[in-house]
Amino acid sequence: MTKPKLLLLDGNSLSYRAFFALPLLTNSQGIHTNAAYGFTMMLQNILEEHQPEQILVAWDKGKVTFRHETFKEYKGGRQKTPNELREQFPIIRDILTAHGIAQYELEAYEADDIIGTLANRYNDSHEVIIISGDKDLTQLVTDKTTVFITRKGITDMEKYTPEHVMEKYGITPPQIIDMKGLMGDSSDNIPGVPGVGEKTALKLLKQYETVEGVYEHLDNITAKKLNENLTTYRDQAFMSKQLATIEVNAPIDVPADMMNYAGPDLEKLREQYEMLESKRLLDQLKGDAPSEMQVEISYVTFDREEGIVWPEKASLHIELDGDNYLTDPVLVMTIAMAEKECSEGVYTFDERQIAEYESLKVWLEDETIIKYASDTKAIQSVLHRYGITLRGVQYDLLLASYIADASNAQKEIAQLAEDLALPYEVRRDEDVYGKGAKRQVPEFDVYTYHAATKAKAVWDSVPIVEEQLKESEQYELFHDLELPLASILSEMETEGIAVDETVLQTLGKDLSERLAMLESDIYTLAGETFNINSPKQLGVILFEKIGLTPIKKTKTGYSTAADVLEKLEHEHEIIALILLYRQLGKLNSTYVEGLQKEIHTDGKIHTRFQQALTTTGRLSSINPNLQNIPIRLEEGRKIREAFVPSHEGWKLFAADYSQIELRVLAHISEDEKLIDAFQRGADIHTETAMNVFHVSREEVDSNMRRAAKAVNFGIIYGISDYGLSQNLNISRPEAKKFIDTYLHTFEGVKRYMDKSIEIARKRGYAETLMNRRRYLPDLNSSSFNIRSFAERTAMNTPIQGSAADIIKRAMIDMNARLKEEGLQAKMLLQVHDELIFEAPEEEIAILEKIVPEVMEQTIQLRVPLKVDSASGASWYEV
DNA sequence: CGCTCACTCT
DNA sequence: CATGAGAGTGAGCGT
């Protein structure tokens, strides 16, 4: 006759596993439910699999246990149980009760001891099965007692029999205690013997069997340091062994029949499941099929490099503690691959392993190994820190999604995975880490699982997204433009640009003095002190106290925007001072002070280019933004003196496209007059002035040229007569006349305006020269404002976006050319129509030739592209 | 902490 | 009817 089965569960440990295996779910009352839900799922699996006659769940009781008498630091330094978990313990207990499952706890004992004692007591009469998340329990394994330890997630468990323990560690289950005695256990704060890890402990135990045996043969241990440590920490070793020993004779009063598994009370269970608001559990209760497939991702960690089988194709992800990949620390790297390469699907490597595993470096640097990732620029930059050059990248989820639809800008993998309907959840970073002040890194298993799901999602997305891009004829844009550009941008960001901090400090001193003087002058004129930087307070002073005419309102009060104040300049002398104060204040706070904060220890500023953000395909620059360094006004332009070459004898070199957007407009509109003007090499603003004002070249004065320039810009952006009138400070009919005359003269442009809107409405998107798309559903909006905005976008996006395409291609060509020519010159920055380099002085002459050549020849339009260049000792001079 | 406003650039 | 495309940062302020 077979013996009855007794199941012993470690309540605390399994609750922990459930809690950390699942995202932090809450029900509609705001009560956290993830641990309760996960525990329930575990329980169902366990009951299903083992069909026990008897079952008991043991709980820890009391912060202080009998072990603390031996060692008062036992379990010291442990993180407090999170409140989100603590509040779920009563729920879990109620669910167990509803299941008809016995529970037991005993003052000053841990769940381990209860389990150990009962296992010991019923070892002969029952088939004992222990389930926990704590490997310590494996010491209880016998021929008749089997221990299951959770591995990953909530269903995957490792079965420990005496054979398995021997196979895995080469020792018997009771020797697990001796192993702990020697190596200690950091999670329980058991010290062990310093310098002895798992390997040494196992070696010693295979030879001398027990801790006692080791010390009896201390003289035979020749390794000097090891012998020394064993001798010094003899007492600590024996104490550690004692601490690690599970009590198997605890004073436990559990009658055998109390543990009989009676089966659940369905009504009570339903109440509990309703509280959890789990449709899946409720459906199950009704006997229905589960409502949704849920897949757990599993992963493998390694404790040594030898024997790792490296896949031929894989996706990779690096999880960081923070959002700046140039500076923030690495948490873990995950690599997902085909199931035929590894049944678990995902490898994980911690920071040390990335730095040390030579085979990993070789694999990452092997161009023939195909890699997929999301935000490869970030990954390449991070790996660069470890001296690793990432090669073989063929896919980037972030970039691909952005190309497919620019409204996917900077989306997290979590969101992209959801959009692609992948059959498992990728959590949002905010849910894993919290945000703002509450942000904190969870435990290893949590972020590693999180990172594993990301790598898996990238892997699973490849066929779907690649197909999508090919379908929309954007694969080339993605694979041949954006992907190689990502790598170049990574190099530029990593290189950084050198900054002379003393220039900024001098400017700062000067600005502070001028600001102080302006401040007191403004207070004198206002007759009181107030915060000039507060638009609200300033509004009161200008429009109520002084009584100036409010021209424009914002939703919060009077507008004090510069264009408003400029119109009031003649009304009061305070206006000019305020405008200057705000300009200089901006220089000081954002540029002088802000930039100094961004200087790294290498004396350089390392901006990051956002490649998957703008709706038109332009890049943007953050931390800091180096695409808006002042130039228009002399005071601000001086900031550029701080940007210098990084080596003695080097210079900065800058090359910018002249009128690239108007040239693109000429190309796509096929306007004859515009094309002709560019082909003749004419000054386009003067040319426009001649046409709009009906005058000869000689008659165009600076005012006319300025107006024509504003019209040209307005045309690109889809300006209205009102807008132009505001801009040029002229009457609305005058502005209207300018625009009408312009469109009459450049009739191809007029045709383009109409056609671009029509085509975009028909297709649903506007498109650039290199097939970049911007979807414009608002073209059909019934709101005039929203529709008008979309119409201007339909006109502007092909212009701005094509210009962005062109300079991106030029960057790729330029990078290749620098390599070909074997130059030391480095590309450092891109500012929309401009590229900034640094180079040894002797290379400047070469750059003057090849940079304009490459930029001009990167694409053939109906008009020539023109590039101007300059070099100098600072950015100010170029 | 998030929004608004102001300033900076192409 | 409201009124020029695309961006980022910092100060003030209300919650």
Selection from [options] that lies nearest to any side-chain heavy atom of [X]:
X        : options               : value
A:Lys555 : B:dC9, B:dC5, B:dC1   : B:dC5
A:Asn531 : C:dC1, B:dT10, C:dG12 : C:dG12
A:Pro535 : B:dT8, B:dC9, B:dA6   : B:dA6
A:Ala562 : B:dA6, B:dC7, C:dA2   : B:dC7
A:Ser534 : C:dT3, C:dA11, C:dC13 : C:dC13
A:Arg792 : B:dT8, B:dC5, C:dA5   : C:dA5
A:Arg774 : C:dG6, C:dA5, B:dT8   : C:dG6
A:Asn625 : B:dC5, C:dT9, B:dC9   : C:dT9
A:Leu613 : B:dA6, C:dA11, C:dA7  : C:dA7
A:Gln583 : B:dT8, C:dA5, C:dG12  : B:dT8

Next item on the list: Give the minimum heavy-atom separation between A:Val664 and A:Pro798, together with the two atoms involved.
Entry: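 Looking at all heavy atoms of both residues, the shortest contact is CG1-O, 4.1 Å.
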Tell me what [X] touches on the nucleic acid: a base, only sugar-phosphate, or nothing, going by heavy atoms under 4.0 Å.
X        : answer
A:Ile716 : nothing
A:Phe789 : sugar-phosphate
A:Ile799 : nothing
A:Ile629 : sugar-phosphate
A:Asn628 : base
A:Gly714 : base
A:Ala803 : nothing
A:Asn623 : sugar-phosphate
A:Ser621 : sugar-phosphate

Using atom [atom1] of [X] as one end and atom [atom2] of [N] as the other, report the distance to the nearest whole Å.
X        : N      : atom1 : atom2 : answer
A:Arg732 : C:dT3  : CZ    : C1'   : 7 Å
A:Ile578 : B:dC5  : CD1   : P     : 18 Å
A:Phe738 : C:dT3  : CZ    : P     : 23 Å
A:Leu835 : B:dT10 : CG    : P     : 14 Å
A:Asp563 : B:dC7  : CG    : P     : 9 Å
A:Phe643 : B:dC9  : CZ    : C1'   : 12 Å
A:Tyr591 : C:dA11 : OH    : P     : 13 Å
A:Leu633 : B:dC7  : CG    : P     : 12 Å

Check: Taking 4.0 angstrom as the limit, do A:Lys736 and A:Asp740 come out as a salt bridge?
Finding: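 Yes, A:Lys736 and A:Asp740 are salt-bridged.
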Next item on the list: Decide, yes or no, whether a salt bridge links A:Glu634 with A:Lys638 under the criterion of side-chain N to carboxylate O below 4.0 Å.
Entry: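 Yes.
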Margin query: Tell me whether the side-chain N or O atoms of A:Lys586 pair up with the base of C:dT9 as donor and acceptor below 3.5 Å, since no angle test is needed here.
Written below: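 Looking at the base of C:dT9, it does pair with a donor or acceptor on the side chain of A:Lys586 (distance under 3.5 Å).
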Margin query: Let's go through A:Arg582 and A:Thr560 carefully: what are the C-alpha distance in whole Å and the side-chain angles of both, what is the deciding distance for side chain to side chain donor-acceptor pair (under 3.5 Å) to 0.1 Å, and is it a yes or a no?
Written below: CA-CA 11 Å; A:Arg582 289 206 297 217; A:Thr560 67; 3.1 Å; yes
Does [X] make a side-chain N or O approach to OP1 or OP2 of [N] shorter than 4.0 Å?
X        : N      : value
A:Ser620 : C:dG8  : yes
A:Arg618 : C:dA5  : no
A:Gln537 : C:dC13 : yes
A:Thr793 : C:dA5  : no
A:Thr560 : B:dA6  : yes
A:Lys536 : B:dA6  : no
A:Lys435 : B:dC1  : no
A:Thr556 : B:dC5  : yes
A:Thr615 : C:dA7  : yes

Note to self: Stacking between C:dT3 and A:Tyr722, yes or no? Criterion: centroid separation under 5.5 angstrom, plane angle under 30 degrees.
What the structure shows: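 So yes, this residue stacks on that base, both cut-offs being met.
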Note to self: Let's go through A:Tyr765 and A:Arg773 carefully: what are the C-alpha distance in whole Å and the side-chain angles of both, what is the deciding distance for side chain to side chain donor-acceptor pair (under 3.5 Å) to 0.1 Å, and is it a yes or a no?
What the structure shows: CA-CA 6 Å; A:Tyr765 57 86; A:Arg773 289 181 181 184; 3.2 Å; yes
Check: Do the ring planes of A:Tyr558 and A:Phe543 sit parallel (below 30°), tilted (30 to 60°) or perpendicular (above 60°)?
Finding: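 If you compare the ring of A:Tyr558 with that of A:Phe543, the planes turn out tilted.
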Next item on the list: Determine the Euclidean distance between corresponding C1' atoms of C:dC1 and B:dC7; express it in Å to zero decimal places.
Entry: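 Nearest-Å result for B:dC7 against C:dC1 at atom C1': 29 Å.
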Note to self: Suppose we define a pair by two distances each less than 3.5 Å, Watson-Crick or G-U wobble; what does B:dC1 pair with here?
What the structure shows: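 With both distances under 3.5 Å, B:dC1 matches C:dG14.
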Next item on the list: List the steps and the verdict of side chain to side chain donor-acceptor pair (under 3.5 Å) for A:Ser407 and A:Asp405.
Entry: CA-CA 5 Å; A:Ser407 58; A:Asp405 185 346; 2.7 Å; yes
Note to self: Using side-chain heavy atoms (C-beta onward) and a distance below 4.5 Å, is A:Lys866 in contact with A:Arg663?
What the structure shows: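 Touching, per the 4.5 Å side-chain cut-off.
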